[in-house]
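As the structure is a prediction and not an experimental result, all values here were calculated from the model. Excluded from the calculations below are hydrogen atoms, water molecules and symmetry mates; all remaining heavy atoms, backbone and side chain alike, are included.
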Amino acid sequence: MIEIRIHGRGGQGAVVASEILARAAVKDGMRVAAFPFFGVERRGAPVTAFCRIDDKPIRIHAGIYEPDYVIVLDPKLMEFVDVCQGLKPNGEILMNTTRSKEELGINKPNKTWIVDATGIALKHGLGSETAPIVNTAIVGAFAKIFPKVSLESVLKSIEEAAPTKKDANVAAAKEAYHMVKEA
Amino acid sequence: MIEVMTANYAAAYAVKLARVGVIAAYPITPQSSISEKLAEMYVKGELHGKYFLVESEHSAMSMLIGASYAGARTFTATSSHGLALMHEMLFWAVGARRPIVMAVVARALAPPWNIWGDHMDVMSERDTGWMQFFCENNQETLDTILMAYKISENRSVMLPSMVIEDGFILSHTYEAVDIPDQDEVDDFLPPFDPEWKIDFNDPRRFGGLTMPDWWSEFRYRIALDQEVARKKIVEVDKEFERKFGRSYGGLVEFYNCDDAEVALVLAGSAVGTAKEVSDKMRERGKKVGVVKLKTFRPFPAEELKKLNDMVPVVGVFDRSYTFGYGGALYSEVRNGIYDPAGGALVKNYVGGMGGKDFTPKNMEFIFEDLLRIKKEGKVDKMVEWINIKDGTGRW
Amino acid sequence: MVEAPKTYKDLPSTPITFFTTEDNKTGTWRTIRPVIDKEKCTRCYICWKFCPDLSIEVEKEGDYPNVDYDHCKGCGICANECPSNAITMEKEMEK
């Protein structure tokens, strides 16, 4: 079983990112459970969403404390949230950033992937300069580093889950898939 | 068709598939997305029946009783304070013998204010005469609503059903759900056809005053028909399995119990976690079993009695508490399996209330504690609260 | 300063906070902020009357009303009620 934790801020679409990931994994024949941290939601506040992916039905109904992957939608969160908390020693990090691992202050040996999801989202007209909607781009990038979920299924899932701008969201995911690189 | 959705959406799809005639609801967290989805389906013209946004949960239940008298299949959903506000009309639905189906997205009652999951609201309605079915996951939520209509509307049952999904833990978690075809559901669930309904060609009065000489007899029939329901629940579960390939054990499911040393009885979403932990512990040679209480009313006492022959120690996990005694499931299970000749030792574990995460680690603690009791041959403590900030540092 | 509770024994016997709601700086919830145009404001104090969060402050009669941005959640009721249209809701800058 693979456990994923997604960090974002209210309004960035962390919960929808977990839903898209879950939909894609099911299309690729896996079983899933995706859920938000059940807090009190408001725009701008730190949001955490989770996703479990496995080959067999997921029966466990409890939180994720030691994720295999951490996805960070907003690097500014790192100032007050320990995004690496509990990350498995062989776990991997995917960050929306243009900075390097050192600049970000990640002093963990974990494999770290970076993609400029904000730049990609804005290029495709998703959200605004102050509030870019980066969830679809980041899930596209995740498909690259997590080969059990195919890009094709991610794109189909975005079409299902995105309420508007389906084409732009699909294009952003596709671009992020090709742009993501190791930090 | 496999779709990824929350238990709340799964409930809404079940209502659509059941061709419900009248839905009346009032929003409350964490139920709201059931009634919102149904409202959306209604506006899009996808629903068979009508949707009414009423001014309170009390009104929602009142409206459904009337609609059901008129011959409509009915549905509502609520949580916590909403269910508590409905309390009076819950008795009415039973006394009037209206087979209403209601999704209860189980949630704590305030204060302190809390919107998260536990079973306090549900357990407080134990004595109303409603049937109560717990769900372990999202698929089971959809399937149980379909089964609940079939059981409730059986002319020899005619009692309402609560289908219980744990607040947030299921209601806001996305899982893969197999949505059956409408044809298959129509074949499984025929239209509602009550023996008695409002008929302008045969005018009657409904639910009027009954003098003391006959009132108890009406109550006695409810008591007997809960017993009939016991059989129907098992039958309907079997029929559902034949049609859809999924079974939930009807009243109760024994998992990993055949050669178990100890067993844990519990209900709702924590059952899955317990099954997972049970499998893991078995890999380490620790034979622990799980008993899933699918149906709380009618209570499967006869089925649970088998535990006396299976294991020397039984644990009961409660997500609620009856202040001044112990957990609600605990008192029922202990009473149900009571054997004057001896029988299993029973201990109560209380936790996972008000949304506190109930982890595999917590579950493992319970199983280890039960194994310890088995070894020592006695229960040291009737009730143990799990994962409480008690200063012991053990959680 | 009250010490944070460590166990259930440290809790007050009824659910109450250790502080007043003033310590809960709800201003960070805001996405739009009310800005009062003193040119248009007639000091009728209708905004003060309608604010559901007591976030419009009037020091003394005759003063212009002030917004308590530490607590204003940006609901916009003041702007909606102002008869002189002296209050506009402006977008919060990203912090």
Side-chain angles (χ1 to χ4, degrees), chain A residues 1 3-6 13-42 47-67 86 135 139 149 153-154 156-163, chain B residues 1-7 9 29-30 107-108 113-117 135-140 165-178 246 255 266 268-280 290 292 319 351-352 354-364 387:
Chain A
M1 182 160 57
E3 296 183 318
I4 302 153
R5 186 173 67 214
I6 304 171
V15 179
V16 175
S18 74
E19 184 197 340
I20 291 167
L21 207 49
R23 283 176 181 271
V26 167
K27 286 189 203 313
D28 290 334
M30 280 169 289
R31 300 300 285 269
V32 294
F35 51 99
F37 175 78
F38 310 125
V40 181
E41 282 172 39
R42 56 177 205 264
V47 169
T48 323
F50 304 89
C51 189
R52 287 192 167 95
I53 300 177
D54 203 354
D55 299 327
K56 50 186 198 303
I58 291 162
R59 299 180 296 181
I60 205 161
H61 283 111
I64 290 172
Y65 300 96
E66 291 170 357
N135 56 354
V139 178
V149 169
S153 296
V154 165
K156 263 194 218 148
S157 303
I158 289 171
E159 277 180 28
E160 288 169 10
Chain B
M1 183 180 57
I2 307 267
E3 283 269 5
V4 172
M5 63 175 74
T6 62
Y9 275 25
T29 303
R107 168 188 149 181
W113 197 242
N114 188 294
I115 57 170
W116 294 278
C135 299
E136 184 186 326
N137 54 47
N138 298 3
Q139 181 73 57
E140 189 170 336
E165 37 152 310
D166 289 349
F168 288 102
I169 303 170
L170 294 188
S171 69
H172 288 60
T173 292
Y174 294 89
E175 295 179 350
V177 175
D178 191 349
R246 295 184 293 271
Y255 183 82
L266 70 172
S269 63
V271 172
T273 310
K275 286 176 175 172
E276 191 77 20
V277 171
S278 161
D279 283 353
K280 289 255 159 67
V290 177
K292 166 179 171 166
R319 270 196 133 110
K356 189 171 267 194
D357 197 14
F358 201 80
T359 64
K361 233 181 186 166
N362 297 150
M363 203 63 83
E364 202 170 326
N387 201 7

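- Highest contact tally toward chain B, considering only Ala62(A), Cys51(A), Ala34(A), is held by Ala34(A) [criterion: heavy-atom pairs under 4.5 Å].
- For the atom pair CG (Leu266(B)) and CZ (Phe358(B)), the distance works out to 8.5 Å, reported to the nearest 0.5 Å.
- Contacts between Tyr65(A) and chain B at a heavy-atom distance below 4.5 Å involve the side chain alone, from C-beta outward.
- Ion pair Lys275(B)/Glu136(B) flagged as a salt bridge, since at least one NZ, NE, NH1 or NH2 atom sits closer than 4.0 Å to an Asp/Glu carboxylate oxygen.
- Proximity to chain B involves both the backbone and the side chain of Val32(A), based on heavy atoms less than 4.5 angstrom apart.
- Both the backbone and the side chain of Ile169(B) come within contact range of chain A, with heavy atoms under 4.5 Å apart.
- Thr359(B) contributes atom OG1, which lies 13.0 Å from atom CD1 of Ile64(A) (distance to the nearest 0.5 angstrom).
- Under the side-chain contact (heavy atoms from CB on, under 4.5 Å) criterion, Asn114(B) pairs with Ala108(B), Trp116(B), not counting sequence neighbours.
- Listed by chain and number, the residues in a side-chain contact (heavy atoms from CB on, under 4.5 Å) with Arg31(A) are Pro57(A), Ala176(B) (sequence neighbours excluded).
- Both the backbone and the side chain of Phe168(B) come within less than 4.5 Å of a heavy atom of chain A.
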